[in-house]
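A short worksheet on the structure shown next.
Indexing begins at 1, ligand by ligand and atom by atom, following the structure's order. Count residues from 1 along the sequence. These values consider heavy atoms only, across backbone and side chains, with no hydrogens, waters or symmetry-generated copies.
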Amino acid sequence: MNVKIKNNVFWVGKVDWELKKFHGNEYSTNHGSSYNSYLIREDKNVLIDTVWLPFAKEFVDNLKKEIDLKKIDFIIINHAEIDHSGALYELMKYIPDIPIYCTENGVKSIKGHYHQDWNFKPVKTGDKVTVGNGKELIFVEMKMLHWPDSMACYLTDDNILFSNDAFGQHYASEYLFNDLVNQNELFNECIKYYANILNPFSKLVEKKIKEVLSLNLQIDIIATSHGVVWRNNPTQIVEKYLEWSNAYLEDQITLVYDTMWEGTRRMAESIAQGIKIANKRVNIKLFNAAKIDKNDIMTEIFKSRIVLFGSPTINRGILTTMAGLFEEIKGLKFENKKAASFGCYGWGGESLSILNKNITDSGFELINEGIKCQWNPDDESINNCVNFGKVIGNI
Ligand code: FEO
């Protein structure tokens, strides 16, 4: 069933309440997601993006109920990733000659995925296409936000920016619009999406937003490809992106660790106690990386000004949860953060030097050499951890 966005623009996408993992198993979606596709019905009928592959047939069947597919004049694919282009192959069975507007890189990506030589119409920033009733769609390349092919398009007169992934969030709702959903849930999903997907491209985010703002386009609605349509104060999410893209941090210290026989956990809790003694205002959070969702931890790291990483030594290394976590952290390119390490050991005690190398390789500023404890912490070791926490709390 369609949802009217404004005048002759309709949402024809799919809300996916069942989604728990996205990007394979890389991204947790605690509130599901949606794949937003839009149909513009002016003199020209225009379809913007499709849905994820598993819903291809359902999408096309529903679209047929909205419009005779042969009356669609052209398709815009803002981004070729499968969650948006996934129904293209099914759709093109019915309208194989229809023009597909996308970037040059979009042509390469779509061909790379579907191995078809469809009727591509490559576009660049500033290119326009007429949709009728005096309205035009203007294309804006969004290269590396977050794929080389990404773009947005802007519908004049209705003042709708179809931003694709940008400003989206993995959030299923029956109500579609930003003013109709729980604001805490919405913004928690927005910041998680930014931290886990867009943060590596923060410099480009800031540059692109400033470029779009310099065009002085009036933006009444931002119609993303995931989650809500921003119709109430739509630029609030743009302002958030400007904030998040500028080496964002809050007054938060996060301890992330894994533990074998509870020694490293006790160290974490004692360090946290010391931080609290030294600083009553800072937000302190502890996460066992083996038990807490990886992407939620990334979001907390994104918000933190200091992160402490803990692992006992095992086989002259660190626990695999922590090693895996650093693989993610390095890719996300966090900025403006300090860090230190801690961990128990029995004999070798190599975990701290490995954690410290991971910390510097991840672009964090190493505060000190960290603190280690042989075997399980005794009273003296606990006291040393509290004192270590006080040092951290005073930073
Ligand atoms: Fe929502 Fe980059 O795909």
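In this structure, a donor-acceptor pair under 3.5 Å is absent between the side chains of Thr29 and Tyr171. Side-chain contact annotation: Ser311 with Asp258, donor-acceptor N/O pair under 3.5 Å absent. Ser245 and Glu243 share no donor-acceptor pair across their side chains, judged by distance under 3.5 Å alone. Between His170 and Glu189, the side chains place no donor N or O within less than 3.5 Å of an acceptor N or O (distance only, hydrogens not considered).
Around atom CH2 of Trp17, more than 12 heavy atoms belonging to other residues, nucleotides or ligands sit under 6.0 Å away.
Around atom 1 (Fe) of ligand 1, the protein atoms of type N, O or S that sit closer than 2.8 Å are Asp83 OD2, His84 NE2, Asp165 OD1, His226 NE2.
Seen from the ring of Phe187, Lys192 does not count as a face-on cation partner, given the 6.0 Å and 45° thresholds.
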